[in-house]
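Please read the structure below before turning to the comments.
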Amino acid sequence: MGKLTGVLSNISPEIRQYLVVTGNYWAFTLTDGALRMLVVLHFHGLGYSPLQIAMLFLFYEIFGVVTNLVGGWLGARLGLNKTMNVGLFMQIVALSMLLVPSGMLTVAWVMAAQALSGVAKDLNKMSAKSSIKLLVPNDAQGELYKWVAMLTGSKNALKGAGFFLGGALLTLFGFQLAVLGMAIGLLLVWIFSLLSLQRDLGKAKNKPKFTEIFSKSPAVNTLSAARMFLFGARDVWFVVALPVYLASTFGWDHWYVGGFLALWVIGYGIVQGFAPRLTGTKLAGKNKVPDGRSALGWAAILSIVPAGIALAISYDFHAANILIWGLMLFGALFAINSSLHSYLIVSYADEDGVSLDVGFYYMANAMGRLIGTVLSGWVYQVYGMAACLWISAAFIALAALISIKLPRHKAISDGA
């Protein structure tokens, strides 16, 4: 740990803080993805229905909604270093709660642990995304897009690795030993973060009042609404329906389900990291960074994919192959949409108290996940996978319609 601190001291303060923030985000995401897969597969193996499994994550998503609102306000008042470290510590506590004897792992207890994990995750994510705004000059929008895409893409690649890790650890060591190993690893990361993260990072010059947690920016509000439907569209079939469908209909074991979803999310993260190359073009020596027109166009294209998969399943037309390859296409296009949104919110956010706007936006993101998670279990159990996909297509279409109102701009100088 001492050697790592010495290496970090030899580079610029901005890059050093970016690396610390990213490292924290990576470590947290790895445990979060693994824990999600551990819970889904472990309780599916115990005979829980898809709706019951979805309910285990209900408080995770509900508390995520609240945390992003309050967390953005806390970040502006106390500093993003504090909110990030608090998030790491709360995840350690949440993991520790699952180390009780198996007889005590009741639905209520797991829901409580997931609630704490949801608070921790969104504190960590809000802190990481907000920090980037403060480490890149305002006139370097192209550079900001690259940094945001790199952070978001690498995070999702590691979340995919976490899915694989969760499935592998469950198979090799069982539920409790897997959770214990993750808790110890994250404890070491938390100690390093306490020693390395810059004090007062992101603290607003004028401390905002609690009533300012709701954004006053039309652009932020519009983007937040689009984000809610975009992530509801993903989770309505990905969170519970898809892993249970793969396990029950395809007969895949924990290794196959965890490994496949891991590869999907890793690929999704890689595409996110390359999103600036896919959506930005060079015009007369300037970078054309995304705007509202970009968000509208990419969402419209994405909406076609789940509708096509739903048709294939409904009419049993090469359903298995189309589901697998359609999922790959959906992941690539969704990654571009998500990366565009992640850049736009950081670009739209007010620099003084940036976490307020980012927190509000991720509140909408958490609301979309909450809606998608509940629907994923209920709709799949009652109506099946095709219905989940039709709802996904409808949600993405709504996100595209909302994006019509997002601001548009001309080419902006890179500044790099």
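Fair warning: this is a prediction, and the values are worked out from it, not measured in the lab.
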- Query: Should the heavy atoms of other residues, nucleotides or ligands under 6.0 Å from CZ of F175 be counted, would the total exceed 12?
  - Reply: yes
- Task: State, without any angle test, whether S376 and D235 hold a side-chain donor-acceptor pair at a distance under 3.5 Å.
- Result: no
- Could you grab the distance from atom SG of C388 to atom CD1 of I309, nearest 0.5 Å is fine? 12.0 Å
- ring-ring contact (aromatic ring centres under 6.0 Å, His included) partner of W237, the single match among F330, Y245, Y380: F330
- Can you measure from CG (L327) to CG (L242) and round to the nearest 0.5 angstrom? 5.5 Å
- Closest non-hydrogen atom pair between M385 and I313, with its separation: CG-CD1, 3.7 Å
- Task: Indicate yes or no: at least one non-hydrogen side-chain atom of W190 is less than 4.5 angstrom from one of L186.
- Result: no
- Residues A332 and V271: closest non-hydrogen pair is O-CG1, 3.5 Å
- Separation between CZ of F28 and CG of N124, rounded to the nearest 0.5 Å: 5.0 Å
- Task: Any chance you could lay out the side-chain contact (heavy atoms from CB on, under 4.5 Å) test for F59 and I62, step after step, and finish with the verdict?
- Result: CA-CA 5 Å; F59 284 170; I62 289 175; 4.1 Å; yes
- Query: Is any side-chain heavy atom of V40 less than 4.5 Å from a side-chain heavy atom of V240?
  - Reply: no
- Message: Once rounded to the nearest 0.5 Å, what's the spacing between atom OG of S294 and atom CD1 of I336?
- Response: 11.0 Å
- Item | Closest heavy-atom pair and its distance - L246, L261 | CD1-CD2, 4.3 Å
- Message: For a 4.5 angstrom cut-off between non-hydrogen side-chain atoms, does L296 reach L406?
- Response: no
- To the nearest 0.5 Å, what is the distance between CD1 (I396) and CZ (F334)? 7.5 Å
- Short side-chain to backbone donor-acceptor contact, T222 and P218, under 3.5 Å: yes
- Quick one: closest heavy-atom pair of A161 and I266, and the distance? N-CG1, 3.7 Å
- Task: For the residue pair F395 and L375, establish whether any side-chain heavy-atom pair is separated by less than 4.5 Å.
- Result: yes
- Query: Do side-chain atoms of W109 reach the backbone of M97 as a donor and acceptor pair under 3.5 angstrom?
  - Reply: yes
- Note on the structure: Closest non-hydrogen atoms of A312 and A319, given as atom of the first, atom of the second and distance, are O-CB, 4.0 Å
- Item | Pair M182-L38, side-chain contact (heavy atoms from CB on, under 4.5 Å): steps then yes or no | CA-CA 12 Å; M182 292 193 296; L38 277 169; 3.6 Å; yes
- Message: Just so I know, are the side chains of I324 and F250 near enough to count as touching, which here means a heavy-atom distance under 4.5 Å?
- Response: yes
- Query: Between W390 and S314, is any pair of side-chain heavy atoms under 4.5 Å apart?
  - Reply: yes
- Would you please indicate yes or no on a ring centroid separation below 6.0 angstrom for W264 and F260? no
- Item | Side chains of S392 and F238 in contact at under 4.5 Å (non-hydrogen atoms) | no
- Message: Quick check for you: to the nearest 0.5 Å, what is the distance between Y25 atom OH and T29 atom OG1?
- Response: 5.5 Å
- Message: Does F43, at its CZ atom, have more than 12 non-hydrogen atoms belonging to other residues, nucleotides or ligands within less than 6.0 Å?
- Response: yes
- Query: Counting only heavy atoms not in M367, do more than 12 fall under 6.0 Å of its CE?
  - Reply: no
- Message: Can you confirm whether N221 sits close enough to F360 that some side-chain heavy atom of one is under 4.5 Å from a side-chain heavy atom of the other?
- Response: yes
- Query: With L123, which of K82, M84, M90 fulfils side-chain contact (heavy atoms from CB on, under 4.5 Å)?
  - Reply: M90
- Task: Starting from the C-alpha separation in whole Å, work towards a yes-or-no answer on side-chain contact (heavy atoms from CB on, under 4.5 Å) for S117 and Q91.
- Result: CA-CA 5 Å; S117 181; Q91 180 76 339; 2.8 Å; yes
- Query: H341 and Y361: side-chain contact (heavy atoms from CB on, under 4.5 Å), yes or no, with the steps?
  - Reply: CA-CA 10 Å; H341 280 208; Y361 166 80; 3.1 Å; yes
- Looking only at non-hydrogen atoms, find the nearest pair between A178 and F173 and report the distance. N-CB, 4.5 Å
